[in-house]
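Every number for a ligand or one of its atoms is a count from 1 in the order of the listing.
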Amino acid sequence: MNSEAKLRKVYLDHSATTPVEPQVVDVMIPYLKDKFGNASSIHSFGREAKVALEDAREAIARFINAEAREIYFTSGGTESNNMAIKGAAWLLRDKGNHIISSKAEHHAVLYTCDYLKKQGFDVTYLKPDKYGMIQPEAVADAITDKTILVSIMHANNEVGTINPVAEIGRITRGRGLLFHTDAVQSFGKLDIDIAEIPVDMLSFSGHKIYGPKGIGGLFIRKGVRLEKLLHGGAHEQNRRAGTENMPGIAGLAKAVEISAERKERDYQFVKHLRDSLFEKLQQEIPKIYLNGHPEERLYNNLNLSFEGVEGESLLLSLDLKGIAASSGSACTSGAVDPSHVLTSMNVRPELAQSSIRFTLGRNNTMEDIDYVVEILPQIVARLRAMSPLA
Ligand SMILES: *Cc1c(COP(=O)(O)O)cnc(C)c1O
């Protein structure tokens with residue numbers, strides 16, 4: 001008998017990607033079949049796509065209290081971040097060459113800034129506090145007369161810490177600077193009201209909110225100009241060339257609609273599961289430490305360090321039991337580097353190496369949590385017994 005067939009599967013890696021909601025798949029299928037029109041065509045096929053495109057834009061705009069014309073569809077969070085940061089830097093390079101970001105950003109921001117550095121921009125990567133948070137004062141202190149852009153993420157993908165983006169935005173606005181935030185992890189989980197957060201650009205992605213992969217968007221506040229990333233047709237108000245991904249866009253709009261409907265329920269339920277998991281693991285396993293802010297943290301995130309155990313070994317052992325989690329470690333040329341986020345928070349290298357991230361989702365159950373609580377303490381005990389560090 002195949003033992004895989006009997007294995008229980010528990011998915012706790014929702015910050016990497018989420019399962020697509022069946023209702024999302026349902027709204028996408030017509031755009032892969034009969035409704036295949038190009039939204040730029042003037043005939044009935046095209047007009048049908050155009051209506052769906054603008055309906056989706058409207059729905060997403062409403063979700064963050066923006067105007068429809070402030071929403072631009074992209075291929076996902078990575079492109080949105082590139083479009084915002086490169087677009088602003090390239091357009092404003094005559095005004096100044098200084099960009100402020102942070103050491104805890106997603107690579108889609110970090111490496112975009114590194115690239116701009118090679119082009120002669122000067123980038124200040126702010127160091128977060130021990131909870132992974134960027135304080136507004138740190139942003140204020142880093143501003144020079146050459147600063148043109150600030151890019152600070154809304155919520156961190158590894159430790160879930162939520163940054164005070166409204167305060168940061170008030171500072172940047174007061175100084176006449178552009179402010180971009182990578183909201184890929186917070187979008188759909190936290191309230192985002194563009195009228196309350198003085199942000200000029202905000203990135204989001206479909207596959208982190210139970211939507212499809214390869215679709216996302218960028219909110220660009222009206223009046224904000226950017227240099228183009230992609231050149232071609234006049235799509236997306238002549239700011240992002242390329243025939244619109246209609247199945248993806250319809251799916252993204254549906255995923256947003258479901259997130260809006262389920263917001264309170266998801267928050268209560270997933271937070272309850274997450275808190276139960278932490279509580280029970282603390283009872284069962286000595287010497288475990290929480291990474292990230294104790295309160296100002298996404299409700300589905302639990303990033304823990306297990307003293308004396310390699311995070312990668314933990315992940316492999318969990319995977320053998322059907323449990324999917326992740327670590328922020330990067331594998332470079334055979335060696336495992338600790339997460340750049342934990343390192344930036346001053347987490348000791350051994351503890352950073354021993355961390356794993358559980359990110360829960362709306363389809364998890366208390367049985368999933370009980371299963372992890374049954375399996376994980378045994379794995380930790382076994383690995384600690386084998387470890388020369390213990
Ligand atoms: C996943 C993620 C991205 C990248 O989004 P894609 O749609 O996968 O390109 C960017 N930023 C954060 C914080 C993310 O979690």
Side-chain angles (χ1 to χ4, degrees), residues 11-20 24 60 71-87 101-115 125 128 132-134 151-163 165 168 179-190 192 199 201-219 229-230 240 242 245 247-249 251-253 255-256 259 291-293 296-303 324-330 339-342 344-345 357-361:
Y11 186 76
L12 298 175
D13 201 11
H14 290 79
S15 286
T17 196
T18 52
V20 182
V24 167
I60 293 164
I71 303 294
Y72 298 83
F73 292 111
T74 67
S75 63
T78 299
E79 186 189 330
S80 296
N81 288 340
N82 273 266
M83 182 175 169
I85 297 170
K86 288 177 186 162
S101 189
S102 95
K103 291 184 197 290
E105 297 296 314
H106 188 274
H107 284 148
V109 167
L110 222 43
Y111 293 162
T112 299
C113 289
D114 284 353
Y115 167 78
Y125 299 98
M133 193 180 281
I134 299 297
S151 180
I152 301 289
M153 72 202 317
H154 192 187
N156 186 272
N157 48 298
E158 286 189 29
V159 297
T161 298
I162 301 163
N163 280 316
V165 287
I168 293 171
F179 178 35
H180 164 254
T181 192
D182 175 349
V184 170
Q185 290 293 339
S186 57
F187 191 79
K189 296 194 193 85
L190 304 179
I192 298 179
V199 67
M201 295 172 283
L202 180 143
S203 304
F204 54 94
S205 175
H207 75 103
K208 306 290 176 81
I209 62 161
Y210 307 87
K213 292 169 181 62
I215 186 73
L218 181 66
F219 157 81
L229 195 63
L230 299 181
R240 195 275 186 186
N245 170 0
I249 289 167
L252 171 60
V256 163
S259 293
N291 297 308
H293 199 285
E296 293 299 310
R297 192 163 103 253
L298 292 176
Y299 61 74
N300 72 327
N301 179 295
L302 185 63
N303 187 312
S326 72
S327 78
S329 309
S339 137
H340 71 278
V341 174
L342 295 179
S344 76
M345 291 160 57
R357 176 188 76 178
F358 301 100
T359 44
L360 285 63

Item to complete: Enumerate the protein residues lying less than 4.0 Å from ligand 1, judged by heavy-atom distances, in chain and residue-number order.
Response: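 Around ligand 1, where the cutoff is 4.0 Å for heavy atoms, the contacting residues are G76, G77, T78, N81, H106, M153, N157, D182, V184, Q185, S205, H207, K208.
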Discussion item. Treating S101 as the side-chain partner and S151 as the backbone partner, does any N or O pair qualify as donor plus acceptor under 3.5 Å?
Written reply: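 Confirmed, S101 side chain pairs with S151 backbone.
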Item to complete: Supply the atom-to-atom distance I162 CD1 to H293 NE2, rounded to the nearest 0.5 angstrom.
Response: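 Between I162 CD1 and H293 NE2, I get 9.5 Å after rounding to 0.5 Å.
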Discussion item. Would you compute the distance between atom OG of S15 and atom CG of N303 and round it to the nearest 0.5 angstrom?
Written reply: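 If I round to the nearest 0.5 Å, the distance is 10.0 Å.
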Worksheet item: What orientation do F187 and F204 show, parallel under 30°, tilted 30 to 60°, or perpendicular over 60°?
Response: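 Geometry flag for F204 against F187: parallel rings.
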Discussion item. Just to verify, what does K213 make a side-chain hydrogen bond (donor to acceptor under 3.5 Å, both in side chains) with, not counting sequence neighbours?
Written reply: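 So K213 forms a side-chain hydrogen bond (donor to acceptor under 3.5 Å, both in side chains) with T17.
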Discussion item. Using side-chain heavy atoms (C-beta onward) and a distance below 4.5 Å, is T181 in contact with M201?
Written reply: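 No, side chains not in contact.
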